[in-house]
Amino acid sequence: MIKLNFAGIRTRKELHQYLEDKLQLPESQGESLDNIYDFLTMAAGRLHIIVEGMSRNHTRLGGYLDGVLRTLRAAEAVTEGLTLEVREQMDADKEWLDNPAVVEQSCAYSRPVMVALSDAPVPVSGQEGLMYRAEGMPCLRLCFANAADVQIDIGGVRYPFLETDKDVWTVDLPLDPGFYYVHLYVDNCLVLSPFLPIGYGHCRPANYIEVGPMEEFCLMRDVPHGTIRHEYFASAATGRTETCVCYVPPGYEESGEEYPVLYLQHGFGENERGWIWQGKANHIMDNLLADGKAVPMLIVMANGMVMTECGAGKVGLKHELFLKELTQDLIPFIEKKYRVKKDRQYRAMAGLSMGSMQTSMLIGTYPELFAWAGLFSGFLHNLVGDHPDNSHLEQIGKPGFSRSMRLLFRGMGRQDEFWKHFEEDDAFCEENGLSCVRREYEGGHDWNVWRKCIRDFLPMLFV
């Protein structure tokens with residue numbers, strides 16, 4: 001396959017050189033359409049030529065560009081194995097716009113980047129990243145030099161980019177507002193773009209995008225902000241130094257008071273930063289506190305992807321080991337370092353997906369520790385492993401468990417792929433008389449649902 005993109009070519013001399021390079025012609029052979037015709041008709045084997053950028057450059061090269069296309073079509077007509085594909089270009093002359101809703105990405109990638117020591121502003125046409133067309137269509141504009149094919153995978157759907165200028169690739173994305181993990185493929189290789197936000201998901205650093213406008217409840221507003229603190233603690237459970245992220249509410253340093261604590265967990269393949277970078281939990285909590293809708297509290301987020309050696313130098317996930325780490329190591333660490341209340345009435349546990357399984361196992365195994373619990377896209381049953389341990393359900397199913405819990409919150413998206421498991425948990429709750437607050441949202445197994453879960457869950461805590 002040979003891809004010819006004429007969008008960035010400005011003179012006939014540049015075009016001649018471009019054709020020589022792309023078609024691997026001898027020097028000066030690109031100046032003659034006859035030479036190009038001869039080369040193509042004598043080519044052996046199968047050859048597919050893709051032509052792009054005709055409309056963008058027609059005003060510069062006019063009839064000569066038409067002549068090149070006629071030559072390619074003529075060669076195709078008489079040459080076995082030669083095929084020609086002329087692609088329509090998206091209208092790249094439309095104005096590229098910054099996000100009309102100010103989208104705070106919790107990282108610096110969307111902010112201006114100094115590209116030269118000059119007073120001149122960076123031209124909009126030179127920017128990379130998520131942008132919006134004049135009519136509001138979200139689109140990506142990224143630069144990949146010498147690439148032949150660029151695609152992006154979003155939720156299992158592949159969207160092909162078009163090379164709208166030399167080495168500049170663009171794609172329109174017909175997406176609803178919200179959060180999306182994205183996977184970029186350049187010539188079939190998975191790459192990470194520094195011009196899109198980067199979080200941790202799918203067990204690796206991963207790009208994501210926020211298609212605006214973001215919902216008001218998770219925007220960074222002009223209100224007092226809590227602080228995000230990255231802590232290290234020794235874990236006897238794992239034999240390693242582990243990390244956690246703590247949200248400390250505004251006014252903590254000055255108040256001298258003790259605070260309740262929510263231990264909040266991420267899902268499979270993510271880490272302790274997920275609820276900040278992807279979940280916007282700090283902004284959500286700031287806004288709730290400013291509006292008087294929540295009790296000030298610490299939110300502690302740890303890495304639930306606990307890995308252990310499996311023999312032969314391999315490591316594997318042992319998510320149930322997190323129960324021991326949290327109860328024996330993390331809770332004592334937090335209660336020693338921070339001014340927090342130590343009674344179960346002031347301690348909550350919550351998590352999404354895999355984190356919800358860990359939450360269910362914790363409240364069932366250690367009912368004396370937690371009086372509040374939240375399961376987001378959540379499971380009462382443990383589903384991990386060939387023979388998952390569900391002994392915690394015996395405690396949860398006892399008649400006194402519901403009476404001892406101040407809150408059991410279950411939230412889920414109506415389009416979640418794990419819906420049948422939520423129905424199984426519904427049946428378990430009904431059979432055992434287990435009372436809960438159950439909320440459904442539009443959406444699937446993703447952060448757009450989990451943000452709504454935490455928004456609704458936080459105001460119910462410690463009241």
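These numbers were taken from a predicted model, which means no experiment stands behind them. Below, all heavy atoms of this structure are taken into account, side chains as well, without hydrogens, waters or symmetry copies.
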With sequence neighbours left out, which residue pairs that include part of [range] fulfil the salt bridge (charged side-chain N to carboxylate O under 4.0 Å, His left out) condition?
range	result
residues 290-302	Arg221-Asp291
residues 396-413	Arg410-Asp426
residues 362-381	none
residues 453-463	Arg439-Asp456

Mind checking what makes ring-ring contact (aromatic ring centres under 6.0 Å, His included) contact with [X], not counting sequence neighbours?
X	result
Phe379	Phe418, Phe422
Phe428	His381
His48	none
Trp372	Phe462

Holding to salt bridge (Lys or Arg N to Asp or Glu O under 4.0 Å), I want the full list of residues that pass it with [X], two or more places apart in sequence or in another chain.
X	result
Glu231	Lys337
Glu253	Arg229
Glu215	Lys452
Arg347	Glu335

- Query: Taking 4.0 angstrom as the limit, do Arg339 and Glu258 come out as a salt bridge?
  - Reply: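 The answer is no: the pair does not qualify as a salt bridge.
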- Candidate list Val261, Leu289, Leu461, test side-chain contact (heavy atoms from CB on, under 4.5 Å), partner Met297, passing option: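 It is Leu461, the one option of Val261, Leu289, Leu461 that forms the side-chain contact (heavy atoms from CB on, under 4.5 Å) with Met297.
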- Item | Short side-chain to backbone donor-acceptor contact, Asn382 and Met361, under 3.5 Å |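 The answer is no, because no donor-acceptor pair under 3.5 Å joins these two groups.
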- Flag the pair His266 / Phe268 as yes when their ring centroid distance falls below 6.0 Å, and as no otherwise. no
